[in-house]
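Contents: one structure, followed by commentary.
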Amino acid sequence: MRRFLFWGVWALVMLCCCCTGNQVYDHYQNVPISGWDKADVLSYDVAALRDSGWYATDLGLRMNNMYPFLSVTMVVSQAVYHPDDAGKKEQDIQPLMVKNDTINCSLRDDNGKVKGRGIIFYQYHYHVSAMKLQQGDSLHITVRHIMKREILPGLSDIGISMRRMMK
């Protein structure tokens with residue numbers, strides 16, 4: 001009985017810890033909490049996809065109470081590259097498709113109450129887009145803010161995640 005219980009618990013732990021589901025990419029980059037400069041563009045590289053299908057891209061961000069506005073507006077650019085470009089010189093490779101999305105991320109309600117989850121730092125997730133991609137496609141994703149203020153204090157991390165959508 002003890003042996004069965006041990007292996008049952010072990011299998012449950014492995015199932016919970018090892019499965020990533022349909023997540024194919026999830027990466028955050030730090031930005032200076034003292035201020036993210038408008039000229040600083042964050043880059044994310046998604047390796048070649050194993051399967052064709054529909055993929056959802058999400059934007060994640062973390063902030064603290066130093067952020068002075070109710071929202072932040074960002075541009076997410078996704079350049080899709082196809083494996084047919086293998087062996088070409090880097091300057092000769094052109095993206096198969098470039099998709100630009102402008103995301104207005106609402107961070108607080110009209111009364112200034114934080115909408116995110118957390119205590120000192122607040123976490124947010126926003127859907128960016130859904131794209132049909134082919135097996136072997138890779139992506140280069142960039143994120144930048146387009147606020148009027150040049151330097152935005154209070155943001156600490158900006159992330160991109162991608163997941164394969166169910167059929």
Side-chain angles (χ1 to χ4, degrees), residues 13 16-50 54-82 85 89-133 137-165:
V13 168
C16 291
C17 295
C18 296
C19 294
T20 59
N22 294 324
Q23 191 90 14
V24 295
Y25 186 81
D26 189 12
H27 183 74
Y28 277 79
Q29 290 190 30
N30 297 46
V31 294
I33 196 84
S34 59
W36 179 25
D37 194 307
K38 195 173 198 170
D40 292 340
V41 178
L42 304 174
S43 296
Y44 305 84
D45 290 308
V46 180
L49 300 172
R50 288 189 308 172
W54 283 92
Y55 288 83
T57 303
D58 295 318
L59 174 70
L61 67 94
R62 296 183 190 114
M63 66 158 243
N64 67 15
N65 282 324
M66 288 175 41
Y67 188 75
F69 303 111
L70 298 178
S71 64
V72 61
T73 304
M74 299 194 201
V75 173
V76 179
S77 298
Q78 302 177 79
V80 179
Y81 294 90
H82 198 61
D85 294 331
K89 293 181 181 176
E90 189 171 329
Q91 65 267 22
D92 294 336
I93 298 175
Q94 296 296 317
L96 184 65
M97 168 180 65
V98 177
K99 183 170 179 28
N100 295 309
D101 294 288
T102 302
I103 311 297
N104 184 31
C105 306
S106 177
L107 305 173
R108 302 171 196 246
D109 63 17
D110 292 336
N111 297 322
K113 184 179 178 208
V114 175
K115 292 182 177 181
R117 301 178 83 178
I119 298 171
I120 296 172
F121 283 89
Y122 305 99
Q123 178 80 35
Y124 300 86
H125 292 280
Y126 303 94
H127 178 71
V128 175
S129 68
M131 291 190 296
K132 185 167 176 66
L133 300 169
D137 285 351
S138 59
L139 289 92
H140 178 73
I141 301 172
T142 60
V143 178
R144 61 187 171 87
H145 80 79
I146 55 170
M147 300 291 284
K148 288 182 181 180
R149 187 169 178 177
E150 290 291 320
I151 297 176
L152 295 179
L155 296 173
S156 65
D157 303 284
I158 310 295
I160 290 290
S161 64
M162 283 188 73
R163 62 184 158 70
R164 187 164 191 257
M165 299 168 66

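Start at 1 with the first residue, then count along the sequence. On a predicted model such as this, the values are computed, not experimentally measured, just so you know.
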Item checked: Heavy-atom side-chain contact between Phe69 and Arg149 under 4.5 Å -> yes
Checklist line | Worked verdict on Tyr126 versus Met74 for side-chain contact (heavy atoms from CB on, under 4.5 Å) | finding: CA-CA 11 Å; Tyr126 303 94; Met74 299 194 201; over 6 Å; no
Margin query: So Tyr122 and Asn65, do their side chains get closer than 4.5 Å, heavy atoms only?
Written below: yes
Item checked: Nearest-0.5 Å distance that lies between atom CD1 in Ile119 and atom CG in Asn64 -> 14.0 Å
Margin query: Would the distance check show the side chain of Tyr67 and the main-chain N or O of Leu155 forming a donor-acceptor pair, the cut-off being under 3.5 Å?
Written below: no
Item checked: For the student: nearest non-hydrogen atoms of Ser138 and Ala48, plus distance -> CB-N, 4.0 Å
Check: Is there side-chain contact between Phe121 and Ser156, with heavy atoms separated by less than 4.5 Å?
Finding: yes
Notebook entry, point to check: If you take all heavy atoms of Ile151 and Ser34, which pair is closest and at what distance?
Noted result: CG2-O, 4.3 Å
Notebook entry, point to check: For the atom pair OG (Ser161) and CD1 (Ile141), what is the distance rounded to the nearest 0.5 Å?
Noted result: 9.0 Å
Item checked: Closest approach of His127 to Ile103 (non-hydrogen atoms, all atoms of both residues) -> O-CD1, 4.1 Å
Next item on the list: Output the distance between atom CG (Asp109) and atom NZ (Lys115), rounded to the nearest 0.5 Å.
Entry: 6.5 Å
Item checked: Side-chain touch Tyr124/Val114, heavy atoms, less than 4.5 angstrom -> yes
Margin query: Contact between Ser77 and Asn100 at the side-chain level, heavy atoms closer than 4.5 Å - yes or no?
Written below: yes
Check: Given side chains that start at C-beta, do those of Met63 and Arg108 come closer than 4.5 Å, heavy atoms only?
Finding: yes
Next item on the list: Say whether, by atom type as modelled, one donor and one acceptor occur between the side chain of Lys38 and the main chain of Met147 under 3.5 angstrom.
Entry: yes
Notebook entry, point to check: Is any side-chain heavy atom of Thr102 closer than 4.5 Å to a side-chain heavy atom of Ile146?
Noted result: yes
Margin query: Restricting to non-hydrogen atoms, name the atom on Lys99 and the atom on Ser129 that form the minimum distance, rounded to 0.1 Å.
Written below: CE-CB, 3.5 Å
Next item on the list: Spell out, as yes or no, whether a donor-acceptor pair under 3.5 Å connects the side chain of His145 to the backbone of Trp36.
Entry: yes
Check: Applying the side-chain contact (heavy atoms from CB on, under 4.5 Å) test to Arg144, which of Asp37, Ile158, Val75, Leu42 qualifies?
Finding: Val75
Item checked: Distance-minimising heavy-atom pair for Ser71 and Ser106 -> CB-CA, 3.9 Å
Item checked: Pair Arg163-Gln23, side-chain donor/acceptor within less than 3.5 Å -> no
Next item on the list: Working to the nearest 0.5 Å, report the span between CG of Leu61 and CG of Leu107.
Entry: 6.0 Å
Item checked: Lys113 backbone acceptor or donor facing Asn111 side chain under 3.5 Å -> no
Note to self: Is the shortest side-chain heavy-atom distance between Gln78 and Val128 below 4.5 Å?
What the structure shows: yes
Check: Is it true that a side-chain atom of Gln29 and a backbone atom of Ser43 form a donor plus acceptor pair closer than 3.5 Å?
Finding: yes
Margin query: I'd like to know if the side chain of Tyr25 and the backbone of Ile160 have a donor-acceptor N/O pair within less than 3.5 Å.
Written below: no
Check: Is there a side-chain contact (heavy atoms from CB on, under 4.5 Å) between Val80 and Leu133 once you walk through the steps?
Finding: CA-CA 8 Å; Val80 179; Leu133 300 169; 3.8 Å; yes
Notebook entry, point to check: In Å and rounded to the nearest 0.5 Å, what is the OH to CE distance from Tyr44 to Met162?
Noted result: 14.0 Å
Checklist line | Gap separating the CG atom of Leu49 from the CG atom of Leu139, nearest 0.5 angstrom | finding: 6.5 Å
Checklist line | Lys132 atom NZ, neighbour heavy-atom count above 12 within 6.0 Å | finding: yes
